[in-house]
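Owing to the predicted nature of the structure, the values given are computational and were not obtained by experimental measurement. The first residue of the sequence shown is numbered 1, and numbering continues consecutively from there.
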Amino acid sequence: MKTIKESFVELDARSRAKAVLDKGTFREIVGPFDQLESPHLAPQGIVPQSDDGVIVARGTIGGQSAVVVSIEGNFQGGGIGEVAGSKIAGAFELALRDNEAGIRTRPVLLFDTGGVRLQEANYGLLSIAEIGAAIVALRKYVPVAGVIPGKIGSFGGMSITAGLCSALIMTREGRLGLNGPEVIEQEAGIEEFDSADRQLIWNTIGGAQRLAAGFVDELVEDDVTAITEALKVVFEKGNNDKPRSSQVEIYRSLLKAVNPSQPLTPAGLQEIWRQLQDKNNRVEITETALISDESGSESRGRTWFKALTGRSGPEAGEVLSVLCADTMLGKERVRYIAVVPNPSSRFPRARQGEVGLEEGWAIAQYVREAVEEDEDGDRRVIVAIVDVPSQAYGYREELLGIHQACAAAVDAYATARLVGHPVIALIVGNAISGAFLSHGLQANRILALNDHDVNVQAMSKQSAARITRRTIQELEEATKKVPAMAYDIQSFATLGALHELIDGVNADTPGDGDCDRIHDKLSEAIMSVRSASRDLSNRLLSPEAQNGGRAASIQVRKKMAEQWI
């Protein structure tokens with residue numbers, strides 16, 4: 001009889017992967033001896049690691065073929081760069097290939113990550129988008145299981161990834177949140193979130209609270225046997241037809257049941273969630289009147305939404321910061337979606353055009369409406385007009401699961417793309433961090449205006465400097481060696497993810513000629529999508545990607561495919 005528990009948290013990433021696979025079946029692929037380390041760290045004076053902090057292992061779970069991806073939090077805080085991200089995405093893409101061919105392969109992701117590795121910035125954003133795309137596609141065939149055991153937890157873009165999993169297992173020691181406490185303090189002030197208050201952190205984003213508030217499926221002890229048994233149960237249960245990131249109605253009801261002008265405690269949130277779950281005792285939801293106020297709310301996103309649709313905003317009673325309109329573009333039906341500032345937003349941390357709680361779930365609703373309405377007919381085009389300064393940073397946002405709201409938007413866009421809706425992103429302003437992951441990075445094609453105020457990045461300069469312990473000047477110097485760290489759209493274009501960088505357009509005050517030009521570019525992109533695959537592989541096939549922009553991403557996937565069987 002087993003009497004002594006074996007801590008899962010204290011194991012390194014390789015030992016964790018070995019522990020969840022059936023005994024004697026562990027086989028590492030693209031391991032340290034392949035020496036596929038990040039090419040972007042040494043130029044910055046950072047010692048790379050030969051496995052880049054991600055372990056990919058083949059074996060079996062419960063006697064069935066499996067792949068386990070385990071992130072090493074002790075290397076660069078578990079940050080996701082180009083090689084690390086490509087190992088995760090590549091593993092799940094190969095698992096998808098197996099499942100499509102009838103070879104049932106069980107995927108497991110063991111989290112221990114702070115999100116995007118800021119020293120590789122936009123490589124991390126692209127990789128996390130590709131990981132999310134693979135997970136959404138995989139869930140059709142087999143549950144995708146995530147485990148957040150402890151140490152670092154799961155933050156940043158990888159918390160959105162966690163929100164996409166079919167089932168999520170946590171220990172009490174685990175933490176799950178979009179924005180780390182230090183980042184919230186940097187962006188919103190210590191009054192909003194004190195990063196030194198450990199009790200506040202655990203009560204907001206710790207494992208027990210996440211389970212009680214509906215963001216996790218099971219809380220287990222920090223014990224190898226407990227975690228391996230929980231994983232077996234996930235796969236024995238089979239597919240979840242309604243993963244958490246697709247449950248738009250109940251989570252929007254949760255937000256409507258909250259009054260942001262009043263204090264919200266973890267216990268208060270638990271009670272609201274309990275009542276929402278109790279179908280025989282539903283909590284009464286009082287709709288909060290929304291006031292349309294565009295004063296001080298102009299943005300490029302709003303400007304281009306008006307220019308391309310002829311509409312100025314949503315109908316009364318909807319989330320005023322998310323604009324949605326259906327129009328015709330030639331013979332194509334097109335749904336345009338934009339996130340814009342709303343100074344009267346119920347949630348103060350999302351008044352400047354950020355993607356917040358209401359925004360993430362509203363995007364998901366608008367996209368899923370199109371999917372459902374077009375189920376038996378021609379799939380309309382969905383255009384995401386992108387001008388998002390960041391996700392919202394705040395205590396309420398984390399307590400109410402902003403990571404899950406963002407995951408819902410990611411899920412909706414990816415689902416639409418996979419069932420045949422051409423999804424086009426048009427970047428007209430900022431495309432920053434989790435906001436861009438939520439609104440734009442799941443597109444079949446990405447277009448961008450070639451303008452000095454169009455920026456793509458993983459975090460604001462101030463927060464990136466604090467997290468990496470550099471000055472802003474040192475960060476800017478590093479961009480000369482690693483273009484993925486730069487903010488300008490020309491540098492982002494060198495990575496190969498853009499379908500086209502559009503010149504000759506007045507970005508701030510578009511005239512009829514500018515709109516005609518963009519309509520033409522959208523039509524060309526739609527035609528390209530209609531005759532191509534529905535995944536995101538085109539980003540690795542572009543001339544820029546092939547000529548060096550995604551060299552490591554391509555090499556990792558090639559080596560992984562060779563070693564897979």
Side-chain angles (χ1 to χ4, degrees), residues 116 118 120-126 187 296-308 338-341 352-355 383-391 424-437 439-441 443 445-465 470-522 525 539 542-545 548-549:
V116 169
L118 295 176
E120 300 187 41
N122 289 332
Y123 278 128
L125 282 182
L126 290 172
E187 295 286 346
S297 65
E298 283 304 314
S299 67
R300 280 192 176 177
R302 188 185 295 278
T303 295
W304 278 97
F305 182 86
K306 290 179 179 179
L308 296 175
V339 178
V340 300
Q352 305 301 318
E354 301 90 349
V355 172
V383 175
I385 299 174
V386 181
D387 180 23
V388 284
S390 70
Q391 64 270 22
I424 313 296
L426 174 64
I427 307 176
V428 300
N430 288 311
I432 307 296
S433 195
F436 188 30
L437 284 169
H439 183 57
L441 268 177
R445 300 290 184 270
I446 302 176
L447 309 177
L449 305 185
N450 192 2
D451 180 85
H452 62 85
D453 286 327
V454 174
N455 296 291
V456 179
Q457 239 284 340
M459 188 177 285
S460 72
K461 288 184 180 180
Q462 292 76 12
S463 290
R470 295 174 171 180
T471 65
I472 290 178
Q473 183 178 358
E474 287 171 336
L475 281 179
E476 292 175 343
E477 190 65 27
T479 65
K480 299 175 183 178
K481 303 172 183 177
V482 183
M485 292 182 64
Y487 285 72
D488 64 285
I489 192 63
Q490 293 86 359
S491 294
F492 183 71
T494 65
L495 307 185
L498 285 186
H499 180 66
E500 187 168 357
L501 189 57
I502 304 171
D503 293 303
V505 173
N506 188 324
D508 291 310
T509 54
D512 291 343
D514 298 313
C515 292
D516 290 342
R517 181 167 174 75
I518 295 303
H519 280 139
D520 288 344
K521 295 298 182 183
L522 288 172
R539 298 181 189 178
S542 66
E544 294 82 3

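Within the 4.5 Å cutoff, the side chain of Asn122 has no heavy atoms near those of the Phe436 side chain. Proximity of Ile518 to Leu449: side-chain heavy atoms (C-beta onward) are separated by under 4.5 Å at one or more points. Within the 4.5 Å cutoff, side-chain heavy atoms of Ile446 are placed close to those of Arg539.
Here Glu298 pairs with Lys306 in a salt bridge; the nearest charged N to carboxylate O distance falls below 4.0 Å.
Of the possible polar contacts, one joining the His439 side chain to the Ile385 backbone as a donor-acceptor pair under 3.5 Å is found. Formation of a donor-acceptor pair under 3.5 Å by the Gln457 side chain with backbone atoms of Met485 is found in this model. Side chain of Trp304 to backbone of Val386: no donor-acceptor contact under 3.5 angstrom is found.
Rounding to the nearest 0.5 angstrom, the gap separating the CD atom in Gln391 from the CD1 atom in Ile432 is 10.0 Å. Rounding to the nearest 0.5 Å gives a distance of 11.0 Å between CG of Asn430 and CD of Glu354. Here the straight-line distance linking atom CD1 of Ile427 with atom CG of Asn455 works out to 10.0 Å at 0.5 Å rounding. Annotation: the span from Thr303 atom OG1 to Leu308 atom CG amounts to 10.5 Å, rounded to 0.5 Å. Separating the CG atom in Leu447 from the CD1 atom in Ile502 is a distance of 4.5 Å, to the nearest 0.5 Å. Interatomic distance, Arg517 CZ to Asp520 CG, rounded to the nearest 0.5 Å: 8.5 Å.
Of all the heavy atoms in Glu474 and Thr471, the pair that sits closest is OE1-N, 2.8 Å. Taking all atoms of both residues into account, the shortest heavy-atom contact from Val454 to Arg300 is CG2-NH1, 3.8 Å. Between Pro483 and Thr494, the closest heavy-atom pair is CB-OG1, 4.1 Å. Minimum heavy-atom separation, Leu501 to Ile489: CD1-CG1, 3.6 Å. Minimum heavy-atom separation, Gly301 to Asp387: N-OD2, 3.1 Å. Looking at every heavy atom in both residues, Ser433 comes nearest to Ala458 through OG-O, 2.9 Å.
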Q: Apply side-chain contact (heavy atoms from CB on, under 4.5 Å) to Leu126 and Phe492, showing your working.
A: CA-CA 10 Å; Leu126 290 172; Phe492 183 71; 4.1 Å; yes
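For CG of Asp512, the number of neighbouring non-hydrogen atoms (other residues, nucleotides, ligands) closer than 6.0 Å is 12 at most.
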